[in-house]
Every structure is written in C-alpha cells, then in structure tokens.
Amino acid sequence: MFLVTGATGNAGGEVVRALLGADAPVRALVRKADARVPGGAETAVGDLNDHATLAEALVGVQGMFLMSGYPDMPGLLARAREAGVRHVVLLSGASAALEDMDNAVSRYMTLSERALRGSELSWTFLRPHAFMSNALRWLPQLREGDTVRAQFPDVAAACVDPADIGAVAARALTGTGHEGRIYELTGPQALRPADQIAVLAEVLGRDLRCVGLSDEETRAEMTGAMPSEYVDAFFRFYVDGTLDESTVVPDVAQVTGRPPRTFEQWAAAHADAFR
Ligand SMILES: NC(=O)c1ccc[n+]([C@@H]2O[C@H](COP(=O)([O-])OP(=O)(O)OC[C@H]3O[C@@H](n4cnc5c(N)ncnc54)[C@H](OP(=O)(O)O)[C@@H]3O)[C@@H](O)[C@H]2O)c1
C-alpha cells in the first residue's frame, strides 16, 4: 500500500492518479472525511500537524509520498518507520539545494530533506521547479477581464506540470533504483509570466494581455496572501536572484521515459478551469 499526502492538492492529486494508473494500491491522507480525491481512491483521515492521528492511515503502508515542512519531521518519520513504512518520496523544491537557513522556504525544505536523510528510511527527493498550476492564481483576474497583472514579470522558470511530479513519484514508489536519488523536476522550456499568458490566450481563444506588477505592488499583493517570512523568501529568490529555476533538467524524461509535458499541454488539460 502507498500512502499519498496532499492528495486533494495539485501535486498529491497527480501522485494518486499516477499510482491508480499503474494499478498500485493507493490510500490518500485527507484532513476531512468527505474530502474528494482523484479516481475515488481509498482515503484515511489524518493531520500531518498531529502525528497521533496518522496511525490508521499508516497501517500496511510500505511507501509514502510526503510533503515538506510539517512540525517535527523526524518524529513523523520515526512514526512512519515504526508502522512499517520503508521508502518515502519527499516533495521538496529547487530551493532545498540552496540550504539557505535565512530563507523560510529553503529552510523548511532543507530541514525536511535532512530529517529524511537522518531517518532509517529509504528516501527519494523530488525537487520541482515552479508548478504550472501556479497559473491558476490568475483565475480571479481572468474571470474579470482580459488583463492579467503578474508578479515577478521578468522571472523565467522551467515550470513543471504536476502530472509529471505524479508520474515521477509513482515510478519512484513502485519501481527499483530510486532510493537515495534526488530528482530535479522541470518542464521542457523556461517561460516568463507573459509567455504563459500568451499560451493561455491561444488555448482559451482569448485576447489576453500581461501587465507586470512592480516589486512594491507584488509585495503588497503577496502580503495579503501569505506570512511575511514567505514573502521575504520569494523576494530573495526572484528579486535578489538567489534561485534560478530557468534551467531545463532531463530528470522527468529519464525517470518516465517520455518528454516532460509542455505548458500548452497543461493549459489544454485545465482549460475548463479557466472558463
Ligand atoms: N507551487 C509551486 O510552485 C511549488 C514549487 C516547489 C515545491 N512546492 C511544494 O509543493 C507543495 C504542494 O503544492 P501543491 O500545489 O500541491 O499544494 P496545494 O494544492 O495547496 O495542496 C496542499 C495539500 O496539502 C494538504 N495539507 C495541508 N496541510 C495539511 C496537514 N496539516 N495535514 C495533512 N495534509 C495537509 C492539503 O489538504 P486539505 O485539502 O486538507 O487542505 C492539500 O491536499 C507546496 O506546499 C510546496 O512545499 C510547490
């Protein structure tokens, strides 16, 4: 049995889909009993903030897809191991490689990876670049009109389709030779927000226009949406330039045996969400 955390979200949902597609036994960890997960997978209720709630979800689990940044990751991993888990595929991010303890995002990813390395579990780290699904943040604007005001307009990222995160995670969990490996997951090309919006315009058949927000406008917008230490973290990445997510890395193709999905493919698959 494989336990998937974050199964109602972008990445975890795709891990569930990929495991179901491989006919692997899947259990999705959900916080609410009525949560909906892809493919009608089996669910178990539990909260990663409270390890005591995970006992039922962990029964019979050999491999686990785990998100980063929860309290007491060493304790969580020890509990998983005691329950019989052998292999954990951890979702961190490109900034884990920076090991920047002054950056709140890099820090939680690095600490999660260190906790897993320090456990007696087999591990695989997935370090995706920015997700293509981040484009869903433009939905409210797209419902209002054809102008999209985008944060960090000059920053290009070789963004990755969460479906490719799911495909790699499923291979890592069900296949062999993935223990002790770090996979950096990217799409096939680096795109700036304006490039993504041009693709969305084409796919949706709309005359969309991208307007870049200034750093001040970006900070104001982000401050309403997340804790200030995360706002600072993203400014360090994208304004100070400590994180370069523009490089295309071949890991998705090497693990899955097929090219990574393009932003056009992602947009076409999610076109209904934008309508
Ligand atoms: N977005 C990016 O560009 C990017 C890039 C690199 C790495 N990442 C990493 O990827 C992670 C996942 O991204 P995503 O887009 O898939 O996130 P998402 O769509 O927001 O999903 C988050 C998932 O986590 C679950 N969750 C939250 N708190 C939990 C808890 N205490 N216990 C159990 N489950 C909990 C949520 O469940 P509920 O339905 O109960 O809320 C949801 O299923 C991010 O948090 C980040 O660490 C993201």
Side-chain angles (χ1 to χ4, degrees), residues 3-18 27-38 41 43-54 56-58 64-73 75-76 79-80 89-98 103-113 116 125-139 151-152 155-166 168-169 182-187 191 193 196 222 225-227 230 233-234 237-238 243-246 249 251-252 263 266 270 273:
L3 181 67
V4 177
T5 69
T8 58
N10 296 302
E14 295 294 352
V15 179
V16 170
R17 272 197 192 93
R27 184 180 298 147
L29 183 77
V30 293
R31 286 192 289 181
K32 293 183 187 143
D34 61 353
R36 292 175 61 182
V37 299
T43 58
V45 176
D47 191 322
L48 292 168
N49 288 328
D50 179 1
H51 305 172
T53 64
L54 301 176
E56 206 174 304
L58 286 167
M64 183 172 175
F65 174 79
L66 180 63
M67 296 183 299
S68 291
Y70 290 92
D72 184 19
M73 291 297 276
L76 195 164
R79 187 173 279 266
V89 174
L90 181 75
L91 177 67
S92 59
S95 73
L98 302 176
N103 179 304
V105 172
S106 176
R107 183 172 63 234
Y108 85 72
M109 291 181 174
T110 298
L111 291 177
S112 299
E113 287 191 357
L116 182 50
F125 298 156
L126 306 186
R127 292 178 176 173
H129 289 202
F131 293 2
M132 290 179 183
S133 50
N134 292 348
L136 293 168
R137 75 158 77 96
W138 297 324
L139 262 181
Q151 302 169 355
F152 306 119
V155 176
C159 50
V160 62
D161 187 332
D164 283 337
I165 300 174
V168 171
I182 300 174
Y183 297 125
E184 189 172 345
L185 308 181
T186 76
L191 298 172
Q196 292 186 313
M222 292 177 81
M226 63 181 75
Y230 289 153
F234 287 110
F237 291 154
Y238 299 135
L243 182 66
D244 177 7
E245 292 188 301
S246 66
V249 179
D251 293 7
V252 168
F263 188 71
W266 179 86
H270 294 84

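Below, each value reflects all heavy atoms present in this structure, side chains not excepted, and no hydrogens, waters or symmetry copies. Counting starts at 1 for both ligands and their atoms, following the listed order. Note that the structure is a prediction, hence the values are computed from the model and not measured.
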For the residue pair [X] and [Y], what are the closest heavy atoms and their distance?
| X | Y | result |
| --- | --- | --- |
| L91 | S68 | O-OG, 2.7 Å |
| Q151 | M222 | NE2-CG, 3.7 Å |
| M109 | S95 | SD-OG, 3.6 Å |

Original post:
Residues in side-chain hydrogen bond (donor to acceptor under 3.5 Å, both in side chains) with E113, at least two apart?
Top reply: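 Checked E113 against side-chain hydrogen bond (donor to acceptor under 3.5 Å, both in side chains); matches are S92, R127.
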Subject >> From N103 atom CG to L243 atom CG, the distance as rounded to the nearest 0.5 Å >> reply: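 Answer rounded to 0.5 Å: 8.5 Å.
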Original post:
How many angstroms lie between atom CG of N134 and atom CD of Q196, to the nearest 0.5 angstrom?
Top reply: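 CD of Q196 is found 8.0 Å from CG of N134.
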Tabulated below should be the N or O atoms of ligand 1 paired with protein N or O atoms at under 3.5 Å; can you produce that?
from	atom 1	to	atom 2	distance (Å)
ligand 1	1 (N)	N134	OD1	3.0
ligand 1	3 (O)	F131	N	2.9
ligand 1	3 (O)	N134	ND2	2.8
ligand 1	15 (O)	N10	ND2	2.9
ligand 1	16 (O)	N10	N	3.2
ligand 1	16 (O)	A11	N	2.9
ligand 1	19 (O)	N10	N	3.0
ligand 1	19 (O)	N10	ND2	3.1
ligand 1	28 (N)	R31	NH1	3.4
ligand 1	28 (N)	Y70	OH	3.3
ligand 1	31 (N)	D47	OD1	2.7
ligand 1	31 (N)	N49	ND2	3.2
ligand 1	32 (N)	D47	OD1	3.4
ligand 1	32 (N)	L48	N	2.8
ligand 1	37 (O)	T8	OG1	3.2
ligand 1	39 (O)	T8	OG1	2.4
ligand 1	40 (O)	R31	NE	2.9
ligand 1	40 (O)	R31	NH2	3.4
ligand 1	41 (O)	R31	NH2	2.8
ligand 1	43 (O)	G6	O	3.3
ligand 1	43 (O)	T8	N	3.3
ligand 1	43 (O)	T8	OG1	2.6
ligand 1	43 (O)	G9	N	3.2
ligand 1	47 (O)	Y108	OH	2.7

